Amino acid sequence: MSYDVSIGDAWFNYTSNVSGLFYDHIPPCEEGCRGGLHALNGLTGYQAIPVLQGAFARISDSCCRDPLFKTKYDASNGWGSTLGGTVFLAQILAACAANPTEIVEVDA
């Protein structure tokens, strides 16, 4: 299983094996939302930017407090890593900045 995230003409895919990274660092934006990447679904790129900035702030804080953070979310089967998941978030952030009026779609 994997996440498919699109905005505008940009499309990204990453394994759900590191979903803990997303759920731990992207809280629900509103009541009834499960958080993680699902918090981005339906937002414009402009609206998604602060959500992703918050995720990166929490990731940065976690990196400073947890010396094992760089491998904390690595999948035991080798399909997905903390670094790969973080790069995936960065790609989404860049696409949101490039497409501020487009809608983010998350399918998992």
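Values below: all heavy atoms of this structure, side chains included; hydrogens, waters and symmetry mates excluded. Note that the numbering runs from 1 along the sequence shown for the chain. Quantities reported herein were computed from a predicted structural model and do not represent experimental measurements.
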Could you list the donor-acceptor pairs under 3.5 angstrom formed between side-chain atoms of residues 61-69 and any protein atom two or more places apart in sequence or on another chain?
unit_1, atom_1, unit_2, atom_2, d
Asp61, OD2, Arg65, NE, 2.9
Asp61, OD2, Arg65, NH2, 3.1
Ser62, OG, His25, NE2, 3.1
Ser62, OG, Arg58, O, 3.0
Asp66, OD1, Leu68, N, 2.9

Asn13: what forms a side chain to side chain contact (heavy atoms under 4.5 Å, CB included) with it, not counting sequence neighbours?
Ser2, Asp4, Trp11
Atom OG of Ser19 and atom OH of Tyr14: how far apart are they, to the nearest 0.5 Å?
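It is 11.5 Å, given to the nearest 0.5 Å.
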Working to the nearest 0.5 Å, report the span between CG of Leu52 and CD1 of Ile26.
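Atom-to-atom, Leu52:CG and Ile26:CD1 are 5.5 Å apart.
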Can you sort out the partners of Tyr3 under side chain to side chain donor-acceptor pair (under 3.5 Å), two or more places apart, ordered by chain and number?
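Side chain to side chain donor-acceptor pair (under 3.5 Å) check on Tyr3 returns nothing, list empty.
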Using the test side chain to side chain donor-acceptor pair (under 3.5 Å), find all partners of Gln47 that sit at least two apart in sequence or belong to another chain.
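Thr44.
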Only pairs under 3.5 Å count here: list side-chain donor-acceptor contacts from residues 84-106, not counting sequence neighbours, and write none if there are none.
unit_1, atom_1, unit_2, atom_2, d
Thr86, OG1, Thr82, O, 2.8
Asn99, ND2, Ala95, O, 2.9

Search all heavy atoms of Ala75 against all heavy atoms of Asn17 and return the closest pair with its distance.
CB-CB, 3.7 Å
Testing the basics here: between Leu43 and Ala48, what is the closest heavy-atom pair and its distance to 0.1 Å?
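So the minimum-distance heavy-atom pair works out to CD1-CA, 4.0 Å.
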Same apolar cluster: Val18 and Leu83, side chain cutoff 4.5 Å
no
Just wondering, more than 12 heavy atoms not from Tyr46 lying within 6.0 Å of its OH?
no
Would you say Arg34 and Tyr23 make side-chain contact, with heavy atoms under 4.5 Å?
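A side-chain contact under 4.5 Å exists here.
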